[in-house]
S.K.: 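Provided herewith is a single structure, encoded as structure tokens, for subsequent inquiry.
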Amino acid sequence: SYPRGIGRFYEAAFNGYVLRFETDCALFEAVTVDEAATTLPVTEIRVEVGALYINVSGLEYGPEARLALEVSVADCPLS
């Protein structure tokens with residue numbers, strides 16, 4: 001759990017969230033930050049097969065911190 005109040009995420013090459021999906025068939029076409037709904041200045045979002053990596057290293061967090069993503073996915077081809 002996060003400490004109460006505000007703070008800063010530790011700085012590292014990667015310090016963030018990894019969202020893994022149950023299938024290798026999660027084909028992400030694009031991931032962008034929804035600027036209108038986001039308060040965190042995230043600049044590094046990486047996509048790999050079945051996973052999204054969101055780097056928040058060195059960013060400030062607090063009760064008003066929000067990150068909204070717009071994700072486009074492709075249809076999963078059936079084997």
Side-chain angles (χ1 to χ4, degrees):
S1 68
Y2 292 106
R4 294 181 188 260
I6 60 172
R8 184 176 293 275
F9 291 102
Y10 290 112
E11 291 200 27
F14 180 84
N15 180 12
Y17 300 96
V18 179
L19 306 176
R20 293 195 187 276
F21 298 86
E22 291 284 328
T23 176
D24 288 340
C25 197
L27 303 174
F28 300 103
E29 292 182 329
V31 178
T32 57
V33 175
D34 180 346
E35 300 290 338
T38 296
T39 61
L40 285 171
V42 172
T43 57
E44 184 184 341
I45 299 174
R46 193 177 72 218
V47 176
E48 291 184 9
V49 175
L52 293 176
Y53 295 81
I54 304 164
N55 194 358
V56 295
S57 175
L59 299 180
E60 292 183 6
Y61 64 83
E64 300 300 318
R66 290 185 310 277
L67 173 63
L69 300 176
E70 296 179 3
V71 180
S72 296
V73 294
D75 288 334
C76 181
L78 298 175
S79 300

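The figures that follow rest on heavy atoms only: side chains count, while hydrogens, waters and symmetry mates do not. Numbers here simply count residues along the sequence, with the first being 1.
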S.K.: Hydrophobic clusters join Ile, Leu, Val, Met, Phe, Trp and Tyr when side-chain heavy atoms are under 4.5 Å apart, directly or via other members; which others share one with F14?
M.R.: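 Answer for F14: V18, Y53.
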S.K.: Got a second to check how far L67's CG is from Y17's OH, nearest 0.5 Å?
M.R.: 8.5 Å
S.K.: Do you know the tightest heavy-atom contact between A65 and T39?
M.R.: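 Distance-wise, the nearest heavy atoms are CA-OG1, 3.2 Å.
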S.K.: Looking at CD1 of I54 and CG of L59, how far apart are the two atoms once the value is rounded to the nearest 0.5 Å?
M.R.: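 Interatomic distance, I54 CD1 to L59 CG, rounded to 0.5 Å: 11.5 Å.
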S.K.: Would you say P41 and V33 make side-chain contact, with heavy atoms under 4.5 Å?
M.R.: no
S.K.: So, do V42 and V56 sit near enough that their side-chain heavy atoms are less than 4.5 Å apart?
M.R.: yes
S.K.: Could you check whether any side-chain N or O of S57 sits under 3.5 Å from a backbone N or O of N15, counting only pairs where one atom can act as donor and the other as acceptor?
M.R.: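 No, the answer is negative, given that no donor and acceptor are paired below the 3.5 Å cut-off.
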S.K.: If you look at every heavy atom in A13 and N55, which pair is closest and at what distance?
M.R.: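 Heavy-atom minimum between the residues: O-ND2, 3.1 Å.
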S.K.: Does CZ in R20 sit with more than 12 non-hydrogen atoms of other residues, nucleotides or ligands closer than 6.0 Å?
M.R.: no
S.K.: Any salt bridge (Lys or Arg N to Asp or Glu O under 4.0 Å) pairs touching residues 56-65, not counting sequence neighbours?
M.R.: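 Applying salt bridge (Lys or Arg N to Asp or Glu O under 4.0 Å) to every pair that reaches into residues 56-65, excluding sequence neighbours, yields R8-E60.
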S.K.: Please list every donor-acceptor pair under 3.5 Å in which a side-chain atom of residues 68-76 meets a protein atom from a residue at least two apart or in another chain.
M.R.:
none

S.K.: Taking atom CZ of F28 and atom CG of L19, what is their separation to the nearest 0.5 Å?
M.R.: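 Going from the CZ atom of F28 to the CG atom of L19 covers 8.0 Å.
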